[in-house]
Amino acid sequence: SVKKISSDNICRVLLFLMIIAVLGCAHLPAVAPPATPLKPGSVIYGVVPPLFGENPLPAVTDRLDYLQDLGVDVILLSPINSSDDLSDISYAITDYFDLRPDFGTLADLKRLVREAEKRGIKVMMDFVPNHTSAAHPFFLDALDKGTASRYYDFYDRDISGRATYYFDWSGLPNLNYDHPEVVAIMTHAFQYWILAAGIDGYRVDVAWGIRQRAPQVWGPLIRELRKADPGIVMLAEAGARDPYYVTNGFDLAYDWTEEP
């Protein structure tokens, strides 16, 4: 199955995504904390673009005054990268360097970021580096050619050679972050949206998964991103009590646990 959230669950989605991020309550350990670009008490508002209108990214831009009036400091866009799953929210990515055409164009995203900046609002993307869709060209090539594919080793595999995945996400194969090309490609993907659209930060989906499989990755990767934008906001989907994340460059962390 594919990790997705349908329209039937939108109320639950919005409850999760309407995050009030109070830095003092983020539970990141006080171990060499980064100089966060967010002010204490910043409000991060989760935005599912297609819920704003038929032309999703322009529709979000049209509602920026409303979001400003609400006191929003940051809008967090649910995944907007190309996907084979056309649900309102999809974590099955087929191209990290392109946008879902049903959401809008690069010009639409740049205008959204530009207009948000005029109102003092940052724009973050929900980014999905842990896994690709099983319909990603890399994975399809590996399925077709097996070990002869240059992309075969781009994916984390068990002892039998099967691509690994978490939970029941069989359509979301894990990437192999011990492979230098995977690290390079994903670093460039993160950098691309900073440079091409002026994105202010990322919520990193399943950051904990990469930490489990390749803990050496996050520190150097985030340092590279800060060369492009020293003020980039990095929010890990991960346990905030783990000092690993703050010491490796993340500004914030949260996960699905209900512990205080």
Side-chain angles (χ1 to χ4, degrees), residues 2-3 34 79 81-83 90-98 124-143 145-194 199 201-229 232-240 242-256:
V2 173
K3 182 188 180 188
N81 289 119
S82 295
S83 174
S90 172
Y91 290 84
I93 305 303
T94 54
D95 189 341
Y96 291 91
F97 296 88
D98 202 2
M124 295 175 62
M125 288 174 61
D126 194 348
F127 209 65
V128 191
N130 175 74
H131 52 260
T132 71
S133 167
H136 192 288
F138 292 172
F139 193 72
L140 293 177
D141 191 83
L143 281 178
K145 299 176 183 176
T147 56
S149 169
R150 66 165 295 208
Y151 305 113
Y152 182 85
D153 290 332
F154 276 30
Y155 290 89
D156 185 67
R157 297 182 182 277
D158 63 21
I159 194 170
S160 300
R162 292 186 294 264
T164 67
Y165 56 87
Y166 291 115
F167 310 116
D168 61 348
W169 305 343
S170 57
L172 302 176
N174 290 330
L175 286 164
N176 174 18
Y177 275 87
D178 289 321
H179 196 301
E181 281 192 78
V182 171
V183 177
I185 290 170
M186 202 55 67
T187 301
H188 293 157
F190 274 107
Q191 291 170 328
Y192 175 78
W193 297 106
I194 298 171
I199 286 296
Y202 294 101
R203 179 256 183 195
V204 183
D205 186 60
V206 196
W208 54 266
I210 296 172
R211 185 255 198 276
Q212 285 181 358
R213 303 193 308 281
Q216 75 280 3
V217 166
W218 282 125
L221 191 155
I222 293 175
R223 285 195 292 273
E224 286 300 310
L225 300 188
R226 297 205 189 280
K227 292 178 183 178
D229 179 2
I232 195 73
V233 181
M234 297 299 292
L235 167 60
E237 182 194 11
D242 186 344
Y244 166 88
Y245 296 98
V246 68
T247 57
N248 281 275
F250 283 98
D251 301 293
L252 300 165
Y254 79 96
D255 59 18
W256 295 90

Look only at the side chain of Thr247 and the backbone of Tyr244, and say whether a donor-acceptor pair between them is shorter than 3.5 Å.
-> yes
Atom of Asp141, atom of Arg150 and distance for their closest heavy-atom approach = OD2-N, 4.4 Å
Is Thr187 reaching over with its side chain to a backbone N or O of Leu221, donor-acceptor style, under 3.5 angstrom?
-> no
When rounded to the nearest 0.5 Å, the distance separating CD of Gln191 from CD1 of Ile232 is 10.5 Å
For the residue pair Tyr177 and Ala214, what are the closest heavy atoms and their distance?
-> CB-CB, 3.6 Å
Does Ser160 reach the main-chain N or O of Arg162 with its side chain, forming a donor-acceptor pair under 3.5 Å?
-> no
Value rounded to 0.5 Å, distance of CG in Asn81 from CD1 in Ile93 = 5.0 Å
Here the gap from Asp178 atom CG to Asp156 atom CG, rounded to the nearest 0.5 Å, amounts to 8.0 Å
Taking Glu237 for its side chain and Ala207 for its backbone only, find out whether a donor-acceptor pair lies under 3.5 Å.
-> no
Shortest non-hydrogen separation from Ala135 to Leu140 and the atoms involved | O-CD1, 3.4 Å
Between Pro129 and Met186 the two heavy atoms that sit nearest each other are CB-CG, 3.7 Å
Within 45° of the axis and under 6.0 Å from the centre of the six-membered ring of Tyr254, does NZ or CZ of Arg203 qualify?
-> no
Mind checking whether Asn248 and Ile222 have side chains closer than 4.5 Å, heavy atoms only?
-> no
Taken to the nearest 0.5 Å, the spacing of Ile185 CD1 from His179 NE2 works out to 8.5 Å
When the ring planes of Phe138 and His136 are compared, do they come out parallel, tilted or perpendicular, using 30° and 60° as the limits?
-> tilted
Please report the shortest heavy-atom distance between Pro173 and Ala134, naming the atom on each side.
-> CD-N, 3.7 Å
Residue set satisfying side chain to side chain donor-acceptor pair (under 3.5 Å) with Asn130, at least two apart, ordered chain then number -> Asn174, Arg213
For the pair Trp218 (side chain) and Ile210 (backbone), establish whether a donor and an acceptor sit closer than 3.5 Å, ignoring hydrogens and angles.
-> no
Which one of Asn176, Leu175, Thr164 satisfies the side chain to side chain contact (heavy atoms under 4.5 Å, CB included) criterion with Tyr155?
-> Leu175
The reported gap from CD1 in Ile194 to NZ in Lys227 (rounded to nearest 0.5 angstrom) is 13.0 Å
Taking the six-membered ring for Trp, are Tyr202 and Phe190 parallel (under 30°), tilted (30 to 60°) or perpendicular (over 60°)?
-> perpendicular
Would you confirm whether Tyr91, through its side chain, and Asp205, through its main-chain N or O, come within 3.5 Å as a donor-acceptor pair?
-> no
Arg211 side chain to Tyr245 main-chain N or O, any donor-acceptor pair under 3.5 Å?
-> no
Could you walk me through whether Phe154 and Phe139 pass ring-ring contact (aromatic ring centres under 6.0 Å, His included), step by step?
-> CA-CA 8 Å; Phe154 276 30; Phe139 193 72; over 10 Å; no
Check: Val206 and Trp169 side chains under 4.5 Å, non-hydrogen atoms = yes
What's the shortest heavy-atom distance between Tyr152 and Gly161, and which atoms?
-> OH-O, 3.5 Å
Please round to the nearest 0.5 Å and tell me the distance separating atom CD of Glu181 and atom CG of Asp153.
-> 10.0 Å
